[in-house]
Amino acid sequence: MTNSQIAETLEEIGDLLEFKGENPFRIRAYRNAARAIKNMADGAADIIGSDDRELTDVEGIGKDLAEKIATLIATGQLPLLNDLRAEVPRGVRAIMRIPGVGPKKAARLYQELHVKTLSELRHACEREKVRNIAGFGAKSEQKILGGIRIAASADERMYWARADEIAQRLREHLTSVSAVKRLEIAGSYRRGKETVGDLDILTVAEAAAPVMDALADFPGVVETIARGETKMSVRLEGGLQVDLRVVPAEAFGAALQYFTGSKEHNVAFRKRAKDRGLKVNEYGVFKVKGGADGNEADDPGASIAGAEEADVYAALDLPLIPPELRENRGEFSFASQEDIPTLIETDDIRGDLHLHTTASDGRNSLREMIEAAQAHGLAYIAVTDHSKRVNVASGLDAVRLRKQWAEIDEIRPTLPEGFYVLKGVECDILEAGGMDLPDDVLAEADWVIASVHFGQNQSKEKITQRIIGALENPHVAILAHPTGRLINRRDPYEVDLDEVMAAAKEHHKMLELNANPARLDLNEIYCAAAKQRGIPVVISTDAHSVEQYANMRFGVIQARRAGLTKADVANTKTFKQFEKTLKKTRRVV
DNA sequence: GCCGTTTTCGGCCCGACTGTTTTCAGTCG
């Protein structure tokens, strides 16, 4: 059983307990544990099986939950969950995902109308039965009808790259309003999460009304969900919610901190404030009268920081923590030791080592890709078309590959000083194991990427062994998109990344962070694990056209979330330095 | 249900907005 399956089980328990109106802190404990499991690089099952580690070492997992998780792994089920499922109707989790409907209202709908699925609820609304229940009215009935569609697709979060396009347009649209003095887009977008659920815009403005009017006029707005004095929410075509908040200038930094999140980071942040006899909210940092016990009333108007985010952190004796690290995954202990890593930036990247041409499934020719790389300011690239197994992409056999390499040999003398093109290939790892091209061909390449494209449904053991076999090949330099996941579309294949990383370390191989917005594979958890093991990460665009060189920044953001610095990423090196790292991959152990 | 060199019991972040209320519960972020 995978960590994400365990996490989903714990989340379901949390939802069902919430529906039942159980102790909110017990509910939170299940959700915290789900999150902790999801954030672990190691499999929970492996920890249970090991001699030197315990699940209770994990923050948020105590004796009880450790036992429940062990039961879950051993038997595939959990008595508590079985009981809850027997008690609580199946569809209520979906009902609780309707905006404006929480556990209390879902429970009342069930008690009063025996509504237990989204479609039953739609029926009840259409027959105007919901408005007669206490706490509901005609308006909530209408909202629920609209929300059912949203609940049905609530799990679909937008790729960060797509959210970024919208965010840029919103920023342009709103900063053109003369009343707007400052504007920042906070939330998971600012943290660079791989997917974004909504956009949180923060502004300082002379007056709120013109900004809100402008937001209402933004092309694509289909609904104003709420509009108050300081806060407004709209929904765009396609369902993305945009929240706008107008805050006083003296509170902008505090609001930016607050609305950037994550929720988990903020909980820890506020607790830290409390420990220091301070209180933090979206208006600033305040001294609490009577000290840390907080028994006496707050002292209003005694804000000691708020206008700038850096000051808000400084008030809690912290350096400004980069948004990408704000997940309560250790950034506070980093920061307390004044050991915040200087995160990698897109400008640090010097080479792109995974790209395709018209020889396989790319849209631009070899020459076009080479020219565009120079225009992008890169110092080196590797041309890595598919190998023959990927017949749908017209993958290259030895003859065609050698022909392409001969072409590169011809182009090389024409290249400007200091620009290099590596003769590479993205060679498939075959279903039965082994590489798609013979060793004598791979030996002629400067750069061999190993990839799994087929046999993704094989067992964990089989896939892991295929990959390790590839990493043992002296000609292979790197493993591409190591888990094969496509965000929102395809789960990662079953692979023991712990073993894969051990093999990569042993054979001095590199691991790819694929910058395609749908892949972002390795994810930030495993990227951090690779860093910890000292395995060089290469961020690659996997460009299939000249435009896709621009995807590099999506990979860089993911790397930042993993805490990677320039030194952790091999393609930030100069070409000469990079060649040394490359040479090590060919050392036979 | 978790957590703890102040605690093994008693905490666990906090404010805005909505809808249906007659002063506030529920939801959300």
Side-chain angles (χ1 to χ4, degrees), chain A residues 10 13-14 17-18 21-36 55-69 80 95-109 130-144 147 150 154 186-189 191 197-202 208 212 224-233 241-247 251 254-255 257-275 278-286 288 291-295 298 300 328:
Chain A
L10 297 175
I13 292 173
L17 289 173
E18 193 174 34
E22 290 275 342
N23 175 0
F25 298 107
R26 184 180 176 213
I27 295 161
R28 188 188 296 174
Y30 276 93
R31 291 186 174 151
N32 283 343
R35 188 177 159 274
L55 265 185
T56 48
D57 298 340
V58 179
E59 170 107 21
I61 298 179
K63 190 163 160 288
D64 183 272
L65 277 170
E67 272 174 27
K68 287 201 169 74
I69 292 166
L80 170 65
I95 290 174
M96 287 192 285
R97 279 200 284 267
I98 297 171
V101 179
K104 298 275 163 38
K105 286 190 174 170
R108 195 164 297 157
L109 286 166
V130 172
R131 64 181 63 185
N132 299 324
I133 306 172
F136 293 83
K139 222 163 178 175
S140 33
E141 209 170 58
Q142 282 311 306
K143 280 200 76 159
I144 288 171
I150 296 161
S188 55
Y189 168 73
R191 301 201 311 279
D198 55 26
L199 291 174
D200 299 297
I201 305 174
L202 227 54
M212 293 187 174
T224 296
I225 300 164
R227 179 168 171 165
E229 291 290 304
T230 63
K231 185 189 160 184
M232 175 175 180
S233 295
Q241 183 172 327
V242 179
D243 296 335
L244 170 74
R245 288 179 175 83
V246 182
V247 303
Q257 194 288 320
Y258 181 83
F259 289 110
T260 296
S262 64
K263 204 166 134 197
E264 291 79 8
H265 176 87
N266 285 356
V267 167
F269 192 72
R270 281 159 182 253
K271 187 173 184 315
R272 189 182 170 97
K274 208 171 173 183
D275 293 344
L278 300 171
K279 188 183 81 165
V280 182
N281 58 26
E282 58 262 54
Y283 299 109
V285 183
F286 301 87
V288 178
D293 56 26
N295 282 337
D298 305 347
N328 196 24

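Chain letters run A, B, ... following the sequence lines, proteins first and then strands; every chain starts at 1.
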- Message: Distance check, C1' atoms only: B:dC2 and B:dT7, in whole angstrom units.
- Response: 14 Å

- Quick one: label A:I27 by what it contacts on the DNA or RNA (base, sugar-phosphate, nothing), any heavy atom closer than 4.0 Å. nothing

- Message: So A:L80, base contact, sugar-phosphate only, or nothing? Heavy-atom distance under 4.0 Å.
- Response: nothing

- Does CD belonging to A:E264 count more than 12 external heavy atoms closer than 6.0 Å? yes

- Rounded distance [0.5 Å steps], CG in A:N328 versus CZ in A:R35: 6.0 Å

- Query: What's the closest nucleotide to the A:D64 side chain, out of B:dG1, B:dC14, B:dG29?
  - Reply: B:dG1

- Query: Which whole-number value in Å describes the distance from A:I144 CD1 to B:dT27 P?
  - Reply: 10 Å

- Here the gap from A:I201 atom CD1 to A:M232 atom CE, rounded to the nearest 0.5 Å, amounts to 10.0 Å

- Task: Starting from P on B:dT27, measure out to CG on A:D198 and report it in whole angstrom.
- Result: 19 Å

- Item | Whole-Å P distance, B:dT21 and B:dG26 | 13 Å

- Spacing of the C1' atoms in B:dC12 and B:dA16 (rounded, Å): 22 Å

- Query: How long is the span from the OH atom in A:Y30 to the CD atom in A:E22, to the nearest 0.5 Å?
  - Reply: 9.5 Å

- Task: Using the closest heavy atom to pick a nucleotide of DNA chain B for each, name whichever of A:G228 or A:F259 lands nearer the 5' end.
- Result: A:G228

- Message: What contact category does A:Y258 fall into here, base, sugar-phosphate, or nothing, at under 4.0 angstrom with non-hydrogen atoms?
- Response: base

- Query: A:D275 CG to B:dG4 C1': how many Å, rounded?
  - Reply: 12 Å

- Message: Using 0.5 Å steps for rounding, measure from the CG atom of A:D200 to the OH atom of A:Y189.
- Response: 12.0 Å

- Provide the distance between the two C1' atoms, one in B:dG29 and one in B:dC13, to the nearest whole Å. 12 Å

- Determine, step by step, whether A:N266 and A:Q257 satisfy the side-chain hydrogen bond (donor to acceptor under 3.5 Å, both in side chains) criterion, reporting the C-alpha distance in whole Å, the side-chain angles of both residues, the deciding distance to 0.1 Å, and the verdict. CA-CA 8 Å; A:N266 285 356; A:Q257 194 288 320; 3.1 Å; yes

- Query: Can you check whether A:R270 has a side-chain N or O nearer than 4.0 Å to OP1 or OP2 of B:dC13?
  - Reply: no

- Message: Categorize A:P99 for me: base, sugar-phosphate, or nothing, with a 4.0 angstrom heavy-atom threshold over every strand shown.
- Response: sugar-phosphate

- Could you give the CD-to-C1' distance, from A:E282 to B:dC17, as a whole number of Å? 12 Å

- Query: So does A:T230 get a side-chain nitrogen or oxygen closer than 4.0 Å to the phosphate oxygens (OP1/OP2) of B:dC17?
  - Reply: yes

- Message: Nearest to the side chain of A:K231, heavy atoms from C-beta on, is which of B:dG26, B:dC17, B:dC2?
- Response: B:dC17

- Item | Taking every non-hydrogen atom, the tightest pair across A:G14 and A:I27 | O-CG2, 3.6 Å

- side-chain N/O A:K68 vs B:dG1 OP1/OP2, d < 4.0 Å: yes

- Which is it for A:N281 and A:R270 under the side-chain contact (heavy atoms from CB on, under 4.5 Å) test, yes or no, and what are the steps along the way? CA-CA 8 Å; A:N281 58 26; A:R270 281 159 182 253; 4.2 Å; yes

- Pairwise distance CD1(A:I61) to CD1(A:I69) - rounded to 0.5 angstrom: 4.0 Å

- Taking atom P in both B:dC14 and B:dC9, what distance in whole Å separates the two? 25 Å

- Message: Could you tell me how far apart A:L10 (CG) and B:dG1 (P) are, to the nearest whole angstrom?
- Response: 12 Å

- Message: From NZ of A:K271 over to C1' of B:dC2, roughly how many Å is that when rounded to an integer?
- Response: 12 Å

Pairs under 3.5 Å (N/O, protein and nucleotides 6-12 of chain B):
unit_1 : atom_1 : unit_2 : atom_2 : d
B:dC12 : OP1    : A:K274 : NZ     : 2.3

- Whole angstrom is fine here: how far is it from CZ in A:R26 over to P in B:dC2? 10 Å

- Query: To the nearest angstrom, how far is A:E229 atom CD from B:dT18 atom C1'?
  - Reply: 14 Å

- Query: Between A:F259 and A:D243, does a side-chain contact (heavy atoms from CB on, under 4.5 Å) hold up when you go through it step by step?
  - Reply: CA-CA 10 Å; A:F259 289 110; A:D243 296 335; over 6 Å; no

- What is the distance from atom NZ of A:K104 to atom CD of A:E18, rounded to the nearest 0.5 Å? 8.0 Å

- Just to confirm, is there a sub-4.0 Å distance from OP1 or OP2 of B:dA16 to any side-chain nitrogen or oxygen of A:Y283? yes

- Message: What's the gap between B:dT23 and B:dT18 when it is taken at their C1' atoms, as a whole Å value?
- Response: 15 Å

- Which whole number of Å gives the distance between the C1' atom of B:dT27 and that of B:dT20? 14 Å

- Can you list the steps and then say if A:E282 with A:V247 is a side-chain contact (heavy atoms from CB on, under 4.5 Å)? CA-CA 9 Å; A:E282 58 262 54; A:V247 303; over 6 Å; no

- Summarise protein proximity over nucleotides 19-24 of chain B in one line of letters, 5' to 3': B for base, S for sugar-phosphate only, - for none, counting protein heavy atoms closer than 4.0 Å. SS----

- Message: With a 4.0 Å cutoff (strictly under), does any side-chain N or O of A:N281 reach OP1 or OP2 of B:dG15?
- Response: yes

- Task: For B:dT8, give its Watson-Crick or G-U wobble partner with both distances under 3.5 Å, or none.
- Result: none

